[in-house]
Amino acid sequence: MPPKKRARVAKRSAKTDKGAAEGETSSSGGRRRKAAAAAETGGKEESSESPASPQHCRWLMKSEPESRFENGLDLKFGIEDLKAAPDQTSCWDGVRNYQARNFMRQMKEGQVAFFYHSNCKEPGIAGIMEIVKEAYVDHTQFDKKDVHYDATSKPDNPKWSMVDVQYQRMTKRYLPLSELKNYHLQHRAKGGPLKDMALFTRARLSVQPLTTEEFDFVLSLEDKEPL
DNA sequence: GCCAACGTTGGC
DNA sequence: GCCAACGTTGGC
């Protein structure tokens, strides 16, 4: 991903878009590597089981809340940073993984997503945000100074997209990965809403879909004891 | 800091 | 189109 970075990570304030259009899949002419080309088409491998992708409406997006430097730039962007942004809104830039990008392209304004803290002391869900601007060109792919610069992407056919998200609220309590994992294992053994949760079945995906059942169950945990 | 899992690259 | 090598993600 980014020049050696995580595929998640958002940063700075949004509202700065201007990219307007963007569009689709752009599968350019065919010289792309096949894995990439396949991933880029989206639909297919992302839902290997269902020919017609389910149409997701809830999401989970990962970002690192603790400082970590790359090329002298801090990748830190936790929920507190989103909350502190102008209008509590930010673009979610820096995603450099096709599946994650494709999921972002499916996002609709008004949908909600969990803000997940990754690669930190205690990974887990910290809060909830709302998608306030649908997919448009991620400008950082063209910025040589940016950690997520992608020399292979050209302005006349951008590879990467981003969305804008707005802080909604913190969850009533932090929901640690360890707790979610306990439920996942439990549900996998005896059945339950988290049995196929992407956080565990596709651990490296930085932008992932949740079914409403998964989302509601996870959210119900904020009113329960830490387990 | 380690390293398993897995996505991407690129030779053939 | 296969697949080994390589690079990244992210928990622990």
Side-chain angles (χ1 to χ4, degrees), chain A residues 1-11 25-49 53 59-79 81 92-105 113-127 138 140-141 146-154 157-162 174-186 188 194-210 218 226-227:
Chain A
M1 274 21 358
K4 89 182 295 26
K5 171 83 344 23
R6 263 74 187 155
R8 51 222 140 156
V9 184
K11 55 204 234 234
T25 28
S26 69
S27 258
S28 55
R31 33 174 283 50
R32 232 149 336 115
R33 217 108 271 72
K34 106 178 307 187
E40 240 176 295
T41 58
K44 30 173 32 268
E45 65 289 282
E46 129 188 338
S47 52
S48 34
E49 43 269 292
S53 282
W59 312 93
L60 179 149
M61 300 168 86
K62 303 178 181 177
S63 188
E64 304 183 30
E66 295 174 4
S67 286
R68 190 164 65 79
F69 293 86
E70 223 156 89
N71 301 346
L73 300 174
D74 194 355
L75 298 163
K76 171 185 186 296
F77 190 82
I79 195 163
D81 298 299
W92 201 268
D93 64 340
V95 170
R96 296 292 181 271
N97 168 279
Y98 292 113
Q99 293 185 14
R101 181 205 66 179
N102 292 340
F103 281 131
M104 283 203 298
R105 288 180 175 181
F114 283 129
F115 194 123
Y116 178 88
H117 281 172
S118 68
N119 213 19
C120 56
K121 236 56 58 334
E122 183 166 49
I125 292 171
D138 178 345
T140 65
Q141 66 196 300
D146 198 279
V147 188
H148 304 289
Y149 172 66
D150 180 356
T152 71
S153 182
K154 300 298 173 225
N157 188 13
K159 283 188 181 175
W160 309 110
S161 303
M162 62 185 182
Y174 189 72
L175 303 173
L177 175 65
S178 58
E179 181 175 343
L180 298 173
K181 189 168 194 172
N182 282 339
Y183 282 109
H184 165 65
L185 293 173
Q186 199 173 296
R188 203 177 55 179
L194 301 196
K195 84 175 134 57
D196 298 318
M197 193 181 186
L199 193 54
F200 306 103
T201 60
R202 306 169 71 182
R204 297 178 48 192
L205 242 198
S206 66
V207 174
Q208 34 183 270
L210 278 80
V218 169
L227 181 91

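For the numbers below, each heavy atom of this structure counts, side chains included, while hydrogens, waters and symmetry mates do not. Given the structure is predicted, the values throughout are model-derived calculations rather than measurements. Order of the sequence lines sets the chain letters (A, B, ...), proteins ahead of strands, with each chain counted from 1.
Between A:F77 and A:F115, the ring-plane angle classifies as parallel under the 30° and 60° cut-offs. Between A:H184 and A:F200, the ring planes are parallel. Angles under 30° get that label, and only those over 60° would be called perpendicular.
Side-chain contact annotation: A:R96 with A:S153, donor-acceptor N/O pair under 3.5 Å absent. Between the side chains of A:D74 and A:S67, at least one donor-acceptor pair of N or O atoms lies under 3.5 Å.
Atom CD of A:Q99 is separated from atom P of B:dA5 by 18 Å (rounded to the nearest Å). For the pair A:R204 CZ and C:dT8 P, the computed distance is 10 Å after rounding to whole Å. Distance, A:K62 NZ to C:dG11 P: 6 Å, rounded to whole Å. Rounded to whole Å, the distance from CZ on A:R101 to C1' on B:dT8 is 14 Å. In this structure, A:F77 places its CZ atom 16 Å from P of C:dG10, rounding to the nearest Å. Between A:R202 atom CZ and B:dA5 atom P the separation is 17 Å, expressed in whole Å. Rounded to whole angstrom, the span from the CG atom of A:L205 across to the C1' atom of B:dT8 amounts to 14 Å. Taking atom CD1 of residue A:I125 and atom C1' of nucleotide C:dG10, one finds them 15 Å apart after rounding to whole Å.
For C:dG10, neither phosphate oxygen OP1 nor OP2 lies less than 4.0 angstrom from any side-chain nitrogen or oxygen of A:K121. In terms of phosphate contacts, A:Y116 brings a side-chain nitrogen or oxygen within less than 4.0 Å of OP1 or OP2 of C:dG11.
Listed candidates were C:dC12, B:dT8, B:dC6. Nearest to the side chain of A:N97 is B:dT8. Among C:dT8, C:dG11, B:dT8, the nucleotide with an atom closest to any side-chain atom of A:Y98 is B:dT8.
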